[in-house]
Amino acid sequence: QVQLVESGGDLVQPGGSLRLSCAASGSIFSINAMGWYRQPPGKEREFVATITSGGPTNYADSVKGRFTISRDTAKNTVYLQMNSLNREDTAVYYCNADVTLTSRSRTYFWGKGTLVTVSS
C-alpha cells in the first residue's frame with residue numbers, strides 16, 4: 001500500500017507563515033497528482049489545492065494569492081506554503097495523492113493530517 005505522512009503543522013499568529021510537507025512512500029509506480037485538503041473545527045473537509053504531474057495547479061478561492069502548492073517528483077513529496085494566515089485557516093490539513101501502484105491499479109490515498117492553529 002501507500003502511506004502519506006504530513007508534517008509542519010504548528011501554532012502561528014495571524015499574518016504569519018507556515019510550510020507543510022507530505023511525503024508518499026510504498027508501492028508507487030507514479031503519482032499523477034497530489035493535493036491538500038483541510039477540515040476546520042466543526043466543519044466538513046474541504047479542498048485547498050492540487051498539483052498534477054505536468055505542473056498545473058488549482059486552488060480554492062479562499063487561499064488564492066496566499067498559498068502555494070509545489071511538488072518534488074523525485075521525492076514523492078508535496079508542499080504547501082501558507083502565507084498571510086488568518087484564523088479561518090485553522091484546520092487539520094490532510095495530504096491526498098492520486099497514485100498508480102506498481103500493480104498498475106490507480107487509487108487515492110490520504111494522510112492522517114497535521115494541525116494548523118492560527119491564533120493570537
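Each disulfide bond (SG atoms under 2.5 Å apart) pair with one or both residues in residues 3-44, not counting sequence neighbours, appears once here: C22-C95. The stretch residues 50-60 participates, sequence neighbours left out, in no salt bridge (charged side-chain N to carboxylate O under 4.0 Å, His left out) pair at all. For residues 78-101, no pair satisfies ring pair (Phe, Tyr, Trp, His ring centres under 6.0 Å), with sequence neighbours left out. Counting only residues at least two apart or on different chains, no ring pair (Phe, Tyr, Trp, His ring centres under 6.0 Å) pair has a member in residues 50-73. Every pair passing ring pair (Phe, Tyr, Trp, His ring centres under 6.0 Å) that includes a residue from residues 95-120 is listed here, sequence neighbours excluded: Y37-W110.
Every residue meeting the side chain to side chain donor-acceptor pair (under 3.5 Å) condition with N83, not counting sequence neighbours, appears here in chain and number order: S17, Q81. Partners of N96 according to the side chain to side chain donor-acceptor pair (under 3.5 Å) rule, which considers only residues two or more places apart in sequence or in another chain, do not exist here. Remark: E88 pairs with no residue by the side chain to side chain donor-acceptor pair (under 3.5 Å) rule, at least two apart or across chains. Scored by the side chain to side chain donor-acceptor pair (under 3.5 Å) test, S7 finds no partners at all (sequence neighbours excluded). Among residues two or more places apart in sequence or in another chain, the salt bridge (Lys or Arg N to Asp or Glu O under 4.0 Å) test is passed with R66 by D89.
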Derivation and outcome, side chain to side chain contact (heavy atoms under 4.5 Å, CB included), residues L20 and E6: CA-CA 7 Å; L20 306 182; E6 303 100 332; over 6 Å; no

Quiz: residues 42-50 side-chain donor-acceptor pairs under 3.5 angstrom, not counting sequence neighbours:
from: E46; atom 1: OE2; to: R38; atom 2: NE; distance (Å): 2.8
from: E46; atom 1: OE2; to: R38; atom 2: NH2; distance (Å): 3.3

Without placing hydrogens or testing angles, list every side-chain donor-acceptor pair under 3.5 Å for residues 112-120, not counting sequence neighbours.
from: T114; atom 1: OG1; to: G9; atom 2: N; distance (Å): 3.1
from: S120; atom 1: OG; to: R87; atom 2: NH1; distance (Å): 3.2

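Side chain of T77 to backbone of K75: a donor-acceptor contact under 3.5 angstrom is found. Without hydrogens or angle criteria, R106 side chain to R104 main chain gives no donor-acceptor distance under 3.5 Å.
Proximity of N86 to P14: side-chain heavy atoms (C-beta onward) are nowhere separated by under 4.5 Å. Taking 4.5 Å as the limit, every side-chain heavy atom of N32 sits out of range of all side-chain heavy atoms of V99. At least one side-chain heavy atom of I31 sits less than 4.5 Å from a side-chain heavy atom of N76.
Between M34 and A24, the closest heavy-atom pair is CE-CB, 4.3 Å. When all heavy atoms of R71 and T52 are compared, the closest pair comes out as NH1-C, 3.3 Å.
Note that CD1 of I28 and CD of Q3 are 10.0 Å apart. Values are rounded to the nearest 0.5 Å. To the nearest 0.5 angstrom, F29 atom CZ is 9.5 Å from T102 atom OG1. Remark: K64 NZ to T57 OG1 distance equals 9.5 Å, nearest 0.5 Å.
M82 and V92 are not part of a single hydrophobic cluster, where members link through side-chain heavy atoms under 4.5 Å apart.
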